[in-house]
2 protein chains.
Amino acid sequence: MAHECKVETALDILVGKWKPVILFHIFQKETLRFGELHRLVPDITKKMLTTQLRELEYHDIINRKVYAQVPPKVEYSITEYGKSLTPLLESMHQWGVSHIEHLDEIYGEDQMENNK
Amino acid sequence: MAHECKVETALDILVGKWKPVILFHIFQKETLRFGELHRLVPDITKKMLTTQLRELEYHDIINRKVYAQVPPKVEYSITEYGKSLTPLLESMHQWGVSHIEHLDEIYGEDQMENNK
DNA sequence: TGACATAGTATAAAAAAAGATACCTAGGGG
DNA sequence: CCCCTAGGTATCTTTTTTTATACTATGTCA
């Protein structure tokens, strides 16, 4: 009980079809409004975007700042704590890139995309 | 296009409710029979176990060795390539452990388990 | 007065993932 | 002959995620 596998804890924060790309943009720009983010990730629905952002907020990865004005303005930014994810995301990205190459070596690049 | 976010590629290999724990055991023992693994992860159904193992095999993370005998014997083991996941898993685990502490600091340990 | 803009909610439907259960294979032992 | 074993498949149902669509609030501008 004392020292189990907590890989899943990290996974929890990253899963959801959209979290990686959302994080990617928020990491890039430091601060983004809801609408800007939506424009950067156009295929996501507002509902999904909201859900994902709230989950990230719950985990203290991003910050939500509401301006009391009309029309509304809400800015999202990475938290200080959230920055601790950087090396992990970087490692995952690296591994991902080389894994794609590896799959390519094994199966050939012809039928990429139907991996998994 | 050339250099997007491949975090998802790494995620793909780890997601699925059971992959982390399956990998954990296979990493531990170096070689495990289907049934042994099933006993180590009793709550999974055979179908799920099979599915997850096949996906890991497809990605060249684990090896499946079938012995031509009756009753059947099939052994799973981590591949050489699969070992390249070790540092990543280790990092994820570390981050997970400290994240649990962090959530605890923020919300108190009273209502752990309903995180997310 | 009425349309516009932003950041959402609410509700329902569709799609994907996981679970439950039954069945198959073929050789060895009784 | 029949049953046992190990490692699966085949189907079907349930649960969880994701999507689609419509609707809301409220200052400001014309």
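The structure presented is a predicted model; accordingly, all values stated were derived computationally and were not measured. Throughout, a chain's letter reflects where its sequence line sits, starting with A, and its residues are numbered from 1.
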Can you check the [X] [atom1] to [N] [atom2] distance for me, whole Å?
{"X": "Trp18(A)", "N": "dA16(C)", "atom1": "CH2", "atom2": "P", "result": "13 Å"}
{"X": "Ile44(A)", "N": "dA7(C)", "atom1": "CD1", "atom2": "C1'", "result": "14 Å"}
{"X": "Glu75(A)", "N": "dT6(C)", "atom1": "CD", "atom2": "C1'", "result": "13 Å"}
{"X": "Arg33(A)", "N": "dG8(C)", "atom1": "CZ", "atom2": "P", "result": "10 Å"}
{"X": "Arg64(B)", "N": "dA6(D)", "atom1": "CZ", "atom2": "P", "result": "16 Å"}
{"X": "Lys73(A)", "N": "dT26(D)", "atom1": "NZ", "atom2": "C1'", "result": "17 Å"}
{"X": "Lys17(A)", "N": "dA15(C)", "atom1": "NZ", "atom2": "P", "result": "12 Å"}
{"X": "Gln69(B)", "N": "dG29(C)", "atom1": "CD", "atom2": "P", "result": "13 Å"}

Is a salt bridge present between [X] and [Y], judged by a nitrogen-to-oxygen distance below 4.0 Å?
{"X": "Glu55(B)", "Y": "Lys19(B)", "answer": "yes"}
{"X": "Arg39(A)", "Y": "Glu36(A)", "answer": "no"}
{"X": "Arg64(A)", "Y": "Glu75(A)", "answer": "no"}

Query raised in the report: Quick one: is Tyr76(B) getting a side-chain N or O under 4.0 Å of the dA6(D) phosphate, OP1 or OP2?
Result: no
Query raised in the report: Closer than 4.0 Å, any side-chain N/O of Arg54(B) to the OP1 or OP2 of dG7(D)?
Result: no
Report task. Nearest 0.5 Å please: distance from the CD1 atom of Ile106(A) over to the OH atom of Tyr58(B). Result -> 8.5 Å
Query raised in the report: Is the distance between the ring centroids of His99(A) and Tyr81(B) under 6.0 Å?
Result: yes
Query raised in the report: Looking at dA7(C), dG27(D), dG8(D), which one has an atom nearest to any side-chain atom of Phe34(B)?
Result: dG8(D)
Requested in this report: Could you list by number each residue of residues 45-53 of chain B showing a heavy-atom separation from DNA chain C of less than 4.0 Å, or answer none if no residue does?
Outcome: Thr45(B), Lys47(B), Met48(B)
Query raised in the report: Touch check for Tyr67(A), heavy atoms < 4.0 angstrom, all strands: base, sugar-phosphate only, or nothing?
Result: nothing
Report task. Using a cut-off of 6.0 Å, state whether more than 12 heavy atoms not belonging to Gln69(B) lie near its atom CD. Result -> yes
Query raised in the report: Quick one: are Leu14(A) and Leu11(A) in side-chain contact, heavy atoms under 4.5 Å?
Result: no
